[in-house]
Undergrad: 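Below you will find the structure I want to go over with you.
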Amino acid sequence: MSLVRLNIKGISYSQTQNGAYALILSEVEGERKLPIVIGAFEAQSIAIALEKEIKPPRPLTHDLFKNFADRFEIVVKQVIIHKLVDGVFYSSLICERDKIEEIIDARTSDAIALALRFQAPIFTYKNILDKAGIYLKGDAGKEAEEEQQKENIIVDELFSNEVEIKSDRPDYKKLSLNELNNMLDQAVKSEDYEKAARIRDEISKRK
């Protein structure tokens with residue numbers, strides 16, 4: 001079976017379900033996207049690895065794993081999403097130490113959080129992408145906006161069977177950039193990385 005390389009396009013969260021996240025992967029040589037449901041902690045960890053400006057005051061679990069691996073000269077060479085069963089993705093870490101390769105099973109969200117920290121490529125098999133991949137194509141001039149709307153719909157559909165949780169999030173759109181930057185600093189200091197990621201998303205939209 002042929003492998004297809006994937007890039008991390010971003011993390012989307014449900015507009016109706018608080019705490020519902022989907023990691024959006026995109027094939028490098030194609031237009032299909034692969035949405036994967038992930039937990040809030042893993043979403044935070046991946047978002048922090050993607051956002052270089054957010055520096056946790058203490059290492060997260062995936063940072064600790066990276067530090068541990070570095071100390072013992074273990075390298076994660078690549079991640080392979082190798083199986084899809086009943087909507088659940090299964091992944092493997094391809095690791096190497098002293099030129100000896102080992103394969104370690106991992107949850108896909110953990111595997112990708114580590115791939116980011118090791119700068120390791122992410123792959124899946126073509127048959128998995130054929131089965132679970134989707135197309136997100138918008139019209140000229142509105143492609144980015146329409147694609148984001150479609151991603152939000154996809155996330156909501158993924159969590160359509162979940163119980164809705166009321167959200168007490170502030171409306172960041174009403175805040176100034178200065179207020180947002182102050183809130184971002186406070187969120188990082190208090191280690192509320194989920195909040196920090198949302199604030200960073202809003203700041204990025206205004207740049």
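Along the sequence shown, the residues carry numbers beginning at 1.
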Undergrad: For residues I24 and V28: do they belong to one hydrophobic cluster (side chain heavy atoms under 4.5 Å, members Ile, Leu, Val, Met, Phe, Trp, Tyr)?
TA: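 In one cluster: no.
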
Undergrad: Just jot down the side chain to side chain donor-acceptor pair (under 3.5 Å) partners of S45, sequence neighbours excluded, or say none.
TA: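 Side chain to side chain donor-acceptor pair (under 3.5 Å) list for S45, sorted by chain: H62, R117.
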
Undergrad: Does the distance from a Lys or Arg side-chain N to an Asp or Glu carboxylate O, for D130 and R32, drop under 4.0 Å?
TA: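 A salt bridge is present here (some side-chain N lies under 4.0 Å from a carboxylate O).
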
Undergrad: For E179, give me all partners under side chain to side chain donor-acceptor pair (under 3.5 Å), at least two apart in sequence or on another chain.
TA: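 Side chain to side chain donor-acceptor pair (under 3.5 Å) list for E179, sorted by chain: S176.
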
Undergrad: Are V76 and I74 linked, directly or through intermediate hydrophobic residues, by side-chain heavy-atom contacts shorter than 4.5 Å (ILVMFWY only)?
TA: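 In one cluster: no.
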
Undergrad: So, using side chain to side chain contact (heavy atoms under 4.5 Å, CB included) as the criterion, who are the partners of D70 when residues are at least two apart?
TA: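 Side chain to side chain contact (heavy atoms under 4.5 Å, CB included) list for D70, sorted by chain: K66, F118.
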
Undergrad: Is a donor on one side and an acceptor on the other found under 3.5 Å between the side chain of K83 and the backbone of I81?
TA: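 Absent.
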
Undergrad: Apply side chain to side chain contact (heavy atoms under 4.5 Å, CB included) to S2 and list each qualifying residue two or more places apart in sequence or on a separate chain.
TA: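 Scan of S2 (side chain to side chain contact (heavy atoms under 4.5 Å, CB included), adjacent residues dropped) gives K126.
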
Undergrad: Could you work out, with side chain to side chain donor-acceptor pair (under 3.5 Å) as the rule, every residue matching Q78, not counting sequence neighbours?
TA: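 Checked Q78 against side chain to side chain donor-acceptor pair (under 3.5 Å); zero matches.
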
Undergrad: Using the rule given for side-chain contact (heavy atoms from CB on, under 4.5 Å), can you reason through T124 versus L3, listing the C-alpha separation, both sets of side-chain angles and the distance that settles it, and then say yes or no?
TA: CA-CA 6 Å; T124 192; L3 288 172; over 6 Å; no

Undergrad: Got a sec, which residues hit side chain to side chain contact (heavy atoms under 4.5 Å, CB included) with N127, two or more places apart in sequence or on another chain?
TA: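 Per chain and number, N127 pairs via side chain to side chain contact (heavy atoms under 4.5 Å, CB included) with M1, Y125.
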
Undergrad: For residues 92-101, please give each side-chain donor-acceptor pair under 3.5 Å, one per line with the distance, not counting sequence neighbours.
TA:
residue, atom, partner, partner atom, Å
S92, OG, H82, NE2, 3.3
E96, OE1, K77, NZ, 3.3
R97, NE, F72, O, 2.8

Undergrad: How long is the span from the CZ atom in R5 to the CD1 atom in I122, to the nearest 0.5 Å?
TA: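 Reported to 0.5 Å precision, the distance equals 8.5 Å.
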
Undergrad: Give the minimum heavy-atom separation between P59 and L64, together with the two atoms involved.
TA: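 Of all heavy-atom pairs spanning P59 and L64, the closest is CB-N, 4.3 Å.
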
Undergrad: Who pairs with R71 by side chain to side chain donor-acceptor pair (under 3.5 Å), at least two apart in sequence or on another chain?
TA: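 Checked R71 against side chain to side chain donor-acceptor pair (under 3.5 Å); zero matches.
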
Undergrad: Who else is in V88's hydrophobic cluster (ILVMFWY, side-chain heavy atoms under 4.5 Å, direct or via others)?
TA: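 The other cluster members (ILVMFWY side chains, heavy atoms under 4.5 Å, direct or chained) are V85, Y90.
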
Undergrad: Between L180 and E202, which heavy-atom pair has the shortest distance, and what is it?
TA: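 Here L180 and E202 meet closest at CD1-CG, 3.7 Å.
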
Undergrad: What distance separates I38 CD1 from Q44 CD, expressed to the nearest 0.5 Å?
TA: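 Going from the CD1 atom of I38 to the CD atom of Q44 covers 10.0 Å.
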
Undergrad: Do the side chains of I104 and V75 join up, straight or via other hydrophobic residues, at under 4.5 Å, putting them in one cluster?
TA: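 Not linked; separate clusters.
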
